[in-house]
Engineer: 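Before I ask anything, here is the structure I am working with.
Residue numbers begin at 1 in each chain, while the letters A, B, ... track the order of the sequences.
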Amino acid sequence: MVKITGIAFDPWEELSSFQTAMKREGEYGACANFVGTMRDMNEGDVVNGMFLEHYPGMTEKHLEKIVQAAKEQWDILETLVIHRVGELLPNDPIVLVAVWSAHRKDAFEASRFIMEDLKSKAPFWKKESLESTGQTAEKNRWVEKNTSGY
Amino acid sequence: MVKITGIAFDPWEELSSFQTAMKREGEYGACANFVGTMRDMNEGDVVNGMFLEHYPGMTEKHLEKIVQAAKEQWDILETLVIHRVGELLPNDPIVLVAVWSAHRKDAFEASRFIMEDLKSKAPFWKKESLESTGQTAEKNRWVEKNTSGY
Amino acid sequence: MTQANDQMYEEAMQIKVLYFASLKELFGRSEEQLSAEGVSTVDDVWKLVSKGYDVSHQVLYSINQEYAQADALVKAGDEVAFFPPVTGG
Amino acid sequence: MTQANDQMYEEAMQIKVLYFASLKELFGRSEEQLSAEGVSTVDDVWKLVSKGYDVSHQVLYSINQEYAQADALVKAGDEVAFFPPVTGG
């Protein structure tokens, strides 16, 4: 399942309810998941908030395509991808990627693959609101590029 | 934190309460975690239950040592390792390994490293109770060896 | 207008163009219906819309919500988008 | 017993020995206090305790709750354990 949400989400509650709803009791031996959370510092600046823009339509299509590519490469039972958009505050969860499989290798590798593809290709853009300093008022800054996770 | 428990645990509740208690709001940008769950099939046989034996004392020491080794190799803020022992039923969570870090590479790699070391070296042993067939009554079988996750 | 006249002029192609993030701010618009003449590739469209603007960073192209190379062809009715490197997750 | 006599006989070494999983079942015990004579390495201890048993699988050794190689030395008061390959997680 792929979800884009403008409302704050609790990754642990989402994992718990999705896992119950998927009805795979006894089938999955492994769940690997990743939660990305907003930090209050970036490149040495204090960050007060963030606006997450996306390309409605293309975002969902692209995420579905990533998940499909993972399913072709690994033995996967279920996947859950949630991504937040809109106005965020520090400590807000931004993204959740979870993969359930019979054996751990598939879950570990597929969850990281989905996450890296999402970071490098899914059409989202972050704009940070930086803390004002003595000289300058609060200013906004587009994050220029994601770094590789490998 | 390393915990060995004889009582069933809910990994999502454990993650939620540990994350709140660790008081790292705004610091962590990444949490990668793995949950291993008991399946109802193994090597073609239906499994009704499992007994998880461990070496009290050495188990905790060994897990602490793995976590320490991970902390020396990656930039880690917090770790949580929980392992179940005693009598288990299918769909019971067996193990949880979670790593919090500022950036995702550290969390991804350290969580997998801890999990693989745990599977290959931490002193736990599984004995399965297999479903009886027409000819044979229910029997118990020690799992002989864990396979590599790489 | 006669059929003969139609064939003498290249008709303007109607396409929808979207801009995101810093490009949206630079251009002061998020979406426009473009009546484009003499364009065949998505890069032709980009040159047309970005003329006179100083775009310093890398720009990515998509056609109908799929990533496209610069030389990908656009046709009437397509949805074309231009945006900076993505920074989600 | 005189001091001279003490030095003439190698004293029996007291060690605690633990068995786990299938080894515990094979030996019918999980723990014993061993009064071992003529042993110096953990492998010497293993040969002593496993004599007469048919152990078909690999056996791992630990001394004082740390993994030990076969030629690691044991001393009085040590906790030695023998177990099959681990299967947790």
Engineer: Going through the checks in order, is the side chain to side chain contact (heavy atoms under 4.5 Å, CB included) test met by B:Met58 and D:Glu79?
Structural biologist: CA-CA 11 Å; B:Met58 180 168 173; D:Glu79 175 179 302; over 6 Å; no

Engineer: Quick check on B:Ser120 against chain D: is it the side chain, the backbone, both or neither that has a heavy atom closer than 4.5 Å?
Structural biologist: backbone

Engineer: Return the minimal non-hydrogen interatomic distance between D:Ser62 and B:Tyr55, and the atom names on each side.
Structural biologist: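 Heavy atoms only, the tightest pair is OG-CE1, 3.7 Å.
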
Engineer: Which heavy-atom pair separates D:Val86 from B:Asn146 by the least distance, and what is that distance?
Structural biologist: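 Between these two residues, the closest heavy atoms are O-ND2, 3.8 Å.
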
Engineer: Step through the shown structure and confirm whether more than 12 heavy atoms of other residues, nucleotides or ligands are within 6.0 Å of CD on D:Gln69.
Structural biologist: no

Engineer: Main chain of D:Gly89, side chain of B:His83: is a donor-acceptor contact present, judged purely on distance under 3.5 Å?
Structural biologist: yes

Engineer: If you count heavy atoms of other groups shown closer than 6.0 angstrom to CG of B:Asp75, is the number above 12?
Structural biologist: no

Engineer: Heavy-atom pairs under 4.5 Å with chain D are the metric here; pick the option from B:Val143, B:Leu96, B:Val95 that has the most.
Structural biologist: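 Of B:Val143, B:Leu96, B:Val95, B:Val143 has the most heavy-atom pairs under 4.5 Å with chain D.
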
Engineer: What part of B:Met115 gets closer than 4.5 Å to chain D, counting heavy atoms only: side chain, backbone, both or neither?
Structural biologist: side chain

Engineer: Could you tell me whether the side chain of D:Gln65 reaches within less than 4.5 Å of the side chain of B:Glu60, counting heavy atoms only?
Structural biologist: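 They are not in contact (no side-chain heavy atoms under 4.5 Å apart), so the answer is no.
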
Engineer: Answer yes or no: is there an ion pair linking D:Glu66 with B:Lys65, defined by an N-O contact shorter than 4.0 Å?
Structural biologist: yes

Engineer: Measure across B:His54 and D:Phe20 and return the closest heavy-atom pair with its distance rounded to 0.1 Å.
Structural biologist: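 Of all heavy-atom pairs spanning B:His54 and D:Phe20, the closest is O-CE2, 3.5 Å.
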
Engineer: Below 4.5 Å from any heavy atom of chain D, which atoms of B:Lys126 appear? Answer side chain, backbone, both or neither.
Structural biologist: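 Both parts, backbone and side chain.
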
Engineer: Do any N or O atoms from the side chain of B:Trp125 and from the backbone of D:Pro84 form a donor-acceptor pair under 3.5 angstrom?
Structural biologist: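 Such a contact is found between B:Trp125 side chain and D:Pro84 backbone.
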
Engineer: Among D:Gly88, D:Ser22, D:Ala81, which residue has the highest count of heavy-atom pairs closer than 4.5 Å to chain B?
Structural biologist: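 Sorted descending by pairs with chain B, the first entry is D:Gly88.
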
Engineer: Name the region of D:Gln58, side chain, backbone, both or neither, that has any atom closer than 4.5 Å to a heavy atom of chain B.
Structural biologist: side chain

Engineer: Chain B heavy atoms under 4.5 Å from D:Leu60: which part of the residue, side chain, backbone, both or neither?
Structural biologist: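 Contact with chain B: none, neither part.
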
Engineer: Counting distance only, does the side-chain N/O of D:Thr87 pair as donor-acceptor with the main-chain N or O of B:Glu144 below 3.5 Å?
Structural biologist: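 Side chain of D:Thr87 to backbone of B:Glu144: no pair is present.
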
Engineer: Can you tell which part of B:Lys145 gets under 4.5 Å to a heavy atom of chain D, answering side chain, backbone, both or neither?
Structural biologist: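 Contact with chain D: backbone and side chain both.
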
Engineer: Would a distance-only check, ignoring hydrogens and angles, find a side-chain to backbone donor-acceptor pair under 3.5 Å from D:Tyr67 to B:Lys121?
Structural biologist: yes

